[in-house]
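Okay, so here's the structure we're looking at.
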Amino acid sequence: MKVALIQSAPKLNRTNLRDVLALVEENKDADVVVFPELSLSGYLLQDKLYEDAWKIDELSDLAQASKQCDIVVGAALWDNDNVYNSALYFSQGSLVHVHHKNHLPTYGMFEEGRYFCAGEHITSFQTPHGNAVMVICEDLWRAESIAAIAASDAEIVYVLAASPARDFSDEGISIEAQWDSLLKSTALLSHNYVVFVNRVGFEDGLGFWGGSRVITPMGKTECVLPLFESESKHCSLDQRLKKLGRYLVKHT
């Protein structure tokens with residue numbers, strides 16, 4: 001299974017859909033093309049949210065594009081008169097699953113709870129490449145989210161993020177090390193591959209650090225993308241490792 005990590009820098013307008021479609025076309029030889037959180041919308045929408053949020057029927061071009069490869073993408077999404085920070089999975093010409101972000105950070109530099117409604121569930125779903133689960137950024141910083149992932153029948157975990165850089169030091173940025181530990185813990189506890197795609201670029205003083213990566217079921221970091229730079233990279237996932245990871249956990 002080949003996954004394309006698309007570490008992009010979304011804009012605060014609807015031209016992101018055009019850019020996403022172009023990147024899908026460039027990476028259509030992958031089985032799944034994965035974009036960051038809010039990659040169709042930009043992050044700091046604030047008062048523009050209700051104007052720029054997408055409706056499902058406006059994303060038919062993505063459904064059409066998914067006839068050549070599966071697509072995982074983030075968007076501000078209208079659903080039953082509410083707007084959610086959502087992850088969408090398109091496959092074989094259809095929208096297969098939508099995850100609404102459960103945990104909306106509203107502290108420090110974050111104001112998501114002021115604008116978005118919160119989702120309530122983390123559920124797995126079927127894809128041509130095995131069962132999957134999607135979470136968005138802050139979702140993974142909750143023990144109950146990792147427990148829900150581990151209890152599911154998912155075989156791969158997609159983590160979409162828009163994580164700003166902070167806490168710089170001579171050793172790097174602390175948030176990268178914290179995320180790497182969190183992603184490895186999720187992989188080891190759920191015995192799954194974890195695909196993490198974080199955005200880059202700047203919005204209103206916030207700089208997003210990128211560093212997208214894949215973690216194997218054995219907790220090994222693979223396919224790390226650079227910090228602060230837009231880049232696309234393909235990574236091959238060996239599903240035999242997932243089965244090996246579960247065997248080792250069960251028998252040690």
Side-chain angles (χ1 to χ4, degrees), residues 1-10 20 23-24 26-27 29-39 43 69-74 87 89 99 101 127 129-130 132-142 145-146 149-150 154-169 171-201 207-242 244-245:
M1 176 183 174
K2 186 189 298 182
V3 176
L5 282 61
I6 312 297
Q7 186 167 285
S8 58
V20 164
L23 285 163
V24 170
E26 291 174 13
N27 293 275
D29 56 328
D31 295 303
V32 187
V33 182
V34 188
F35 292 86
E37 176 182 6
L38 292 171
S39 44
Y43 186 72
C69 60
D70 289 8
I71 303 167
V72 181
V73 67
Y89 194 107
H99 168 72
K101 190 173 184 178
T127 83
H129 311 290
V133 68
M134 299 185 295
V135 293
I136 304 174
C137 210
E138 186 83 7
D139 284 342
L140 205 63
W141 290 77
R142 298 292 190 277
S145 297
I146 298 177
I149 293 168
E155 300 171 84
I156 183 169
V157 182
Y158 296 103
V159 183
L160 285 63
S163 174
R166 61 258 199 209
D167 300 327
F168 290 85
S169 70
E171 289 75 36
I173 50 175
S174 298
I175 191 66
E176 180 188 12
Q178 293 164 4
W179 263 111
D180 196 58
S181 296
L182 188 62
L183 296 166
K184 288 176 177 176
S185 295
T186 303
L188 289 168
L189 291 170
S190 67
H191 323 303
N192 291 328
Y193 268 102
V194 177
V195 177
F196 170 72
V197 181
N198 186 29
R199 65 160 293 178
V200 292
F208 300 89
W209 56 276
S212 304
R213 63 199 63 195
V214 171
I215 310 295
T216 74
M218 307 305 293
K220 179 183 177 182
T221 304
E222 292 188 343
C223 298
V224 181
L225 273 64
L227 302 183
F228 304 109
E229 297 179 14
S230 295
E231 185 168 312
S232 301
K233 187 171 185 178
H234 291 195
C235 186
S236 294
L237 277 54
D238 183 353
Q239 291 299 313
R240 293 174 299 178
L241 285 181
K242 175 182 67 65
L244 176 60

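Remark: the backbone N or O of Ser212 is not paired with any side-chain donor or acceptor of Asn198 at under 3.5 angstrom. For Gln7 (side chain) and Glu229 (main-chain N/O), a donor-acceptor pair under 3.5 Å exists by modelled atom type. At distances below 3.5 Å, not a single donor-acceptor pair connects side-chain atoms of Ser232 with backbone N or O atoms of Ile6. Distance alone, capped at 3.5 Å, places no donor-acceptor pair between the Glu222 side chain and the Leu237 backbone. When atom types are taken as modelled, the side chain of Ser8 and the backbone of Pro10 share no donor-acceptor pair closer than 3.5 angstrom. The backbone N or O of Asp238 sits less than 3.5 Å from a side-chain atom of Tyr193, completing a donor-acceptor pair. With Ser145 contributing its side chain and Trp141 its backbone, the two residues share no donor-acceptor pair below 3.5 Å.
Val34 has its side chain out of reach of Leu5: every pair of non-hydrogen atoms, C-beta onward, lies at least 4.5 Å apart. Looking only at side-chain heavy atoms (C-beta outward), His129 and Ile156 stay at 4.5 Å or farther from each other.
Atoms CD and OG, from Glu155 and Ser190 in turn, are 11.5 Å apart once rounded to the nearest 0.5 Å. Residue Ile149 holds its CD1 atom at 5.5 Å from OG1 of Thr186, rounded to the nearest 0.5 Å. Distance CD/Glu26 to CG/Leu23: 5.0 Å, rounded to 0.5 Å. Atom-to-atom distance recorded for Thr216:OG1 and Lys184:NZ is 9.5 Å, nearest 0.5 angstrom.
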With a 3.5 Å cut-off and sequence neighbours excluded, list the donor-acceptor pairs that the side chains of residues 157-164 form with protein atoms.
{"residue": "Ser163", "atom": "OG", "partner": "Trp179", "partner atom": "NE1", "Å": "3.3"}
{"residue": "Ser163", "atom": "OG", "partner": "Trp209", "partner atom": "NE1", "Å": "2.8"}

Q. Would Glu176 and Arg213 satisfy side-chain contact (heavy atoms from CB on, under 4.5 Å), going step by step from the backbone distance to the final call?
A. CA-CA 11 Å; Glu176 180 188 12; Arg213 63 199 63 195; 2.8 Å; yes

Q) What's the verdict on side-chain contact (heavy atoms from CB on, under 4.5 Å) for Thr221 and Leu183, showing C-alpha distance, side-chain angles and the deciding distance? A) CA-CA 9 Å; Thr221 304; Leu183 296 166; over 6 Å; no

Q. Could you go step by step and tell me if Asp180 and Phe196 meet the side-chain contact (heavy atoms from CB on, under 4.5 Å) rule?
A. CA-CA 10 Å; Asp180 196 58; Phe196 170 72; over 6 Å; no

Q: Verify side-chain hydrogen bond (donor to acceptor under 3.5 Å, both in side chains) between Asp70 and Thr127, making sure each step is shown before the conclusion.
A: CA-CA 9 Å; Asp70 289 8; Thr127 83; 4.7 Å; no

**Q.** CA sep, side-chain torsions, deciding dist, call: Tyr43, Glu37, side-chain contact (heavy atoms from CB on, under 4.5 Å)
**A.** CA-CA 8 Å; Tyr43 186 72; Glu37 176 182 6; 4.1 Å; yes

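Smallest separation of non-hydrogen atoms from Val32 and Met1: CG2-CE, 3.6 Å. The shortest non-hydrogen separation linking Ser39 to Val73 is OG-CG2, 3.2 Å. Across all non-hydrogen atoms, the minimal contact from Ala165 to Ile175 is CA-CG2, 4.4 Å. Across all their heavy atoms, Cys69 and Val33 have their closest contact at SG-CG2, 3.6 Å. Between Gly211 and Leu227, the closest heavy-atom pair is CA-CD2, 3.9 Å.
A side chain to side chain contact (heavy atoms under 4.5 Å, CB included) with His234 is found for exactly one of Val3, Asn27, Asp31, namely Asn27.
Evaluation of the salt bridge (Lys or Arg N to Asp or Glu O under 4.0 Å) rule for Arg166 yields no partner, not counting sequence neighbours.
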